[in-house]
> 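My questions all concern the structure below.
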Amino acid sequence: MKRHRPLRSPPSQTTTTTTTTTTATISSFFPSKKPKPISSNLKTPIQTPLKWTPLNLPKSELYLPLTFPTGQTFRWKQTSPFQYTGVIGSHLISLKQHNLKNTHYCIHNLNSTNDDQESVKLALLDFLNMGICLNDLWSEFSACDERFAELAVNLSGARVLRQDPLECLVQFICSSNNNIKRITKMVDFVSCLGEFVGVVEGFEFYKFPSLERLARVTEDELREAGFGYRAKYITGTVKVLQSKPGGGVEWLLSLRKLDLESAIKALTTLPGVGPKVAACIALFSLDQHHAVPVDTHVWKIATRDLLPELAGTRLTPKNYLRKRRFFSL
């Protein structure tokens, strides 16, 4: 049997505009996990003082522990207690829940001009999907469903992100029949193909590779890295995207303008993208906010509390569609 080379793994409301200062270090927050050694070629640790600026968002609108480590993105790392770091475009950004009330952000690799900072902030707010008011949604949902009203107190600030569609697509092809730890290792491997942008608390961060860069990765290379059968899905999807008139990235972005069923149908034409993966991509990157990915956990909850007549049945394509449409009402 052919031995696979293991994947690379990283170590393990105020309304004022005041700015606080702290200092980033290379040591990992978790003492039991040694940070990955930093190579000498251009990967210089970030050691400059960091400027934290408030986003002026209450916990009810954004609570980081209910937003980032929940399986909707695998590129953001917890770099400190209540702090998460990731890359938006080409910018390395950290978010920190300050006193569990307001979220502050820090741009690690920003030029000194105010215009740059404002544009990055706008990109951050777009990524955080701040066009959606959670307080309004929670009030509406609670008024319609007593069960949700009971649970809502524990869901405050759980926000759906608005990710780059290509990043989201590749991540969720990796997620097929997989667990979060292994998905994260696969996504880290793909991310390392992109441009290096910095190090925070022992974690290396990269700009997500372009479609052209992904096209240079072979199925054999991915299989050697432990992707298994997903390797052919990634290379196959990249080829299909490259063949799209106007470009694959533009084609993915165009799906934001379609209705949910049309977007799902388009996504499932890609290798390795079934109904559940398509629903994840639609929800987390294509503005299809009423999309409901149905996995075994959602299936159990639905048959127990909402559609008991389907209890004991299998999650067939027909039942999947019925369940998805029920949740989308």
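It should be emphasised that the depicted structure is a prediction, and the values quoted were computed from it without experimental measurement.
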> Without hydrogens or angle criteria, can the side chains of Q72 and Q163 be said to hold a donor-acceptor pair below 3.5 Å?
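On atom types as modelled, these side chains do not qualify, holding no pair under 3.5 Å.
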> Report yes or no: do L57 and L134 belong to one cluster of Ile/Leu/Val/Met/Phe/Trp/Tyr joined by side chain heavy-atom distances under 4.5 Å?
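No, L57 and L134 fall in different hydrophobic clusters.
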> Apply ring-ring contact (aromatic ring centres under 6.0 Å, His included) to F189 and F227, showing your working.
CA-CA 10 Å; F189 180 89; F227 281 64; 5.7 Å; yes
> Can you confirm whether or not the ring centre of F284 sits under 6.0 Å from the ring centre of F172?
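Yes: the rings meet the under 6.0 Å criterion.
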> Side-chain heavy atoms under 4.5 angstrom apart, residues restricted to Ile, Leu, Val, Met, Phe, Trp, Tyr: same cluster for L267 and L211?
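Linked within one cluster.
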> More than 12 foreign heavy atoms under 6.0 Å from CZ of F82: is that the case here?
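No, the 6.0 Å shell around CZ holds no more than 12 heavy atoms from other groups.
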> Specify the closest pair of heavy atoms between R159 and N129, including all atoms of both residues, with the distance to one decimal.
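The answer is NH1-O, 2.7 Å.
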> Output, in order, the C-alpha distance, side-chain angles, deciding distance and verdict of side-chain contact (heavy atoms from CB on, under 4.5 Å) for I93 and T85.
CA-CA 6 Å; I93 299 175; T85 303; over 6 Å; no
> Can a donor-acceptor pair be found, under 3.5 Å and without considering hydrogens, that links the side chain of Q171 to the backbone of V187?
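The answer is no, because no donor-acceptor pair under 3.5 Å joins these two groups.
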> Looking only at heavy atoms, which two atoms of R230 and I173 are closest? And how far apart?
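It is CD-O, 3.8 Å.
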> Closer than 3.5 angstrom, by distance alone: can the side chain of S80 be matched with the main-chain N or O of Q83 as a donor-acceptor pair?
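Such a contact is absent between S80 side chain and Q83 backbone.
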> Under the side-chain contact (heavy atoms from CB on, under 4.5 Å) rule, what do L62 and T67 come out as? Steps first, then yes or no, please.
CA-CA 8 Å; L62 176 62; T67 298; 3.8 Å; yes
> Locate the shortest heavy-atom distance separating R182 from N179; write the atom from each residue and the value.
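Shortest heavy-atom contact: N-OD1, 2.9 Å.
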> Donor-acceptor pair, distance only, cut-off 3.5 Å: does the side chain of E221 make one with the backbone of T218?
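Confirmed, E221 side chain pairs with T218 backbone.
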> Give the minimum heavy-atom separation between H290 and L260, together with the two atoms involved.
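Residues H290 and L260, closest heavy atoms: NE2-CB, 3.5 Å.
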> Are N154 and L66 close enough that some pair of their side-chain heavy atoms sits under 4.5 Å apart?
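With C-beta onward as the side chain, the pair stays apart.
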> With side-chain contact (heavy atoms from CB on, under 4.5 Å) as the test, would you mind laying out the steps for M130 and L55 before giving the verdict?
CA-CA 11 Å; M130 294 311 303; L55 279 173; over 6 Å; no
> For the residue pair T53 and H104, confirm or rule out a side-chain donor-acceptor distance under 3.5 Å.
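There is no such pair between these side chains.
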> For the residue pair Y233 and Y229, categorise the inter-ring angle as parallel (less than 30°), tilted (30 to 60°) or perpendicular (more than 60°).
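Because their plane-to-plane angle is over 60°, the rings of Y233 and Y229 count as perpendicular.
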> Tell me whether I132 is reachable from L125 by hopping between hydrophobic residues (I, L, V, M, F, W, Y) whose side-chain heavy atoms are closer than 4.5 Å.
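Looking at the clustering, I132 is in a separate group from L125.
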> Can you find a heavy atom in the side chain of F205 that is under 4.5 Å from one in the side chain of V199?
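Not in contact.
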> To the nearest 0.5 Å, tell me how far C106 SG sits from K51 NZ.
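If I round to the nearest 0.5 Å, the distance is 10.0 Å.
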> Restricting to non-hydrogen atoms, name the atom on L222 and the atom on T235 that form the minimum distance, rounded to 0.1 Å.
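Closest heavy-atom pair between L222 and T235: CD1-CG2, 3.9 Å.
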> Find out whether I281 and P165 are in side-chain contact, i.e. whether some heavy atom of one side chain is under 4.5 Å from a heavy atom of the other.
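A side-chain contact is absent here, since even the closest heavy-atom pair is not under 4.5 Å.
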> Side-chain donor-acceptor pair under 3.5 Å between S262 and D259, yes or no?
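On atom types as modelled, these side chains qualify, holding a pair under 3.5 Å.
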> Apply salt bridge (charged side-chain N to carboxylate O under 4.0 Å, His left out) to the pair K265 and E261, showing each step before the final yes or no.
CA-CA 6 Å; K265 183 178 180 180; E261 293 299 328; over 6 Å; no
> Taking side chain as C-beta onward, heavy atoms only, is N178 less than 4.5 Å from M186?
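The answer is yes; the side chains approach within 4.5 Å.
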> Between OG1 of T79 and CZ of F203, what distance do you get to the nearest 0.5 Å?
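Result: 7.5 Å between the selected atoms.
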> Give, for atom CH2 of W52 and atom OG of S94, the distance between the pair rounded to the nearest 0.5 Å.
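Interatomic distance, W52 CH2 to S94 OG, rounded to 0.5 Å: 4.5 Å.
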> Can you check salt bridge (charged side-chain N to carboxylate O under 4.0 Å, His left out) on D188 and K77, steps first, answer last?
CA-CA 11 Å; D188 285 346; K77 311 295 183 184; 2.8 Å; yes
> Between S60 and S156 (side chain of the first, backbone of the second, donor and acceptor by atom type, cut-off under 3.5 Å), is there such a pair?
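Pair absent, no side-chain N/O of S60 close to backbone of S156.
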> Would you kindly confirm whether L122 and L128 end up in one hydrophobic cluster when ILVMFWY residues are joined by side chain heavy atoms under 4.5 Å apart?
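Each belongs to a different hydrophobic cluster.
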> Just how far is it from atom CD of E195 to atom OH of Y206, taken to the nearest 0.5 Å?
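Between atom CD of E195 and atom OH of Y206 there are 11.5 Å.
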> Between L214 and V170, is the side-chain contact (heavy atoms from CB on, under 4.5 Å) condition met? List the steps.
CA-CA 10 Å; L214 291 173; V170 173; 4.2 Å; yes
> Measuring centre to centre across the rings, with the benzene-like ring taken for any Trp, is F68 within less than 6.0 Å of W76?
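Aromatic pair counts; centres sit under 6.0 Å.
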> Is there a path from L161 to W138 through hydrophobic residues (I, L, V, M, F, W, Y) whose side chains come within less than 4.5 Å of each other?
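Different clusters.
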> What are the two closest heavy atoms between N109 and S90, and how far apart are they?
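Reported closest heavy-atom pair: ND2-O, 3.0 Å.
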> Do K232 and P271 come within less than 4.5 Å of each other through their side chains, counting heavy atoms only?
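They are not in contact (no side-chain heavy atoms under 4.5 Å apart), so the answer is no.
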> Got a second to check how far L286's CG is from L253's CG, nearest 0.5 Å?
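Separation between the atoms: 8.0 Å.
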> Judged by modelled atom types alone, do R162 and S285 share a side-chain donor-acceptor pair under 3.5 Å?
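No pair is found: no donor N or O on one side chain lies under 3.5 Å from an acceptor on the other.
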> Test E150 against R147 for salt bridge (charged side-chain N to carboxylate O under 4.0 Å, His left out), laying out the working first.
CA-CA 5 Å; E150 295 175 1; R147 177 61 172 163; 3.5 Å; yes
> How many angstroms lie between atom OG1 of T237 and atom NZ of K239, to the nearest 0.5 angstrom?
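Going from OG1 on T237 over to NZ on K239, the span is 11.0 Å.
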> With heavy-atom distances below 4.5 Å as the criterion, would you say the side chains of D287 and L255 are in contact?
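When only atoms from C-beta onward are counted, L255 and D287 do not touch, as no gap falls below 4.5 Å.
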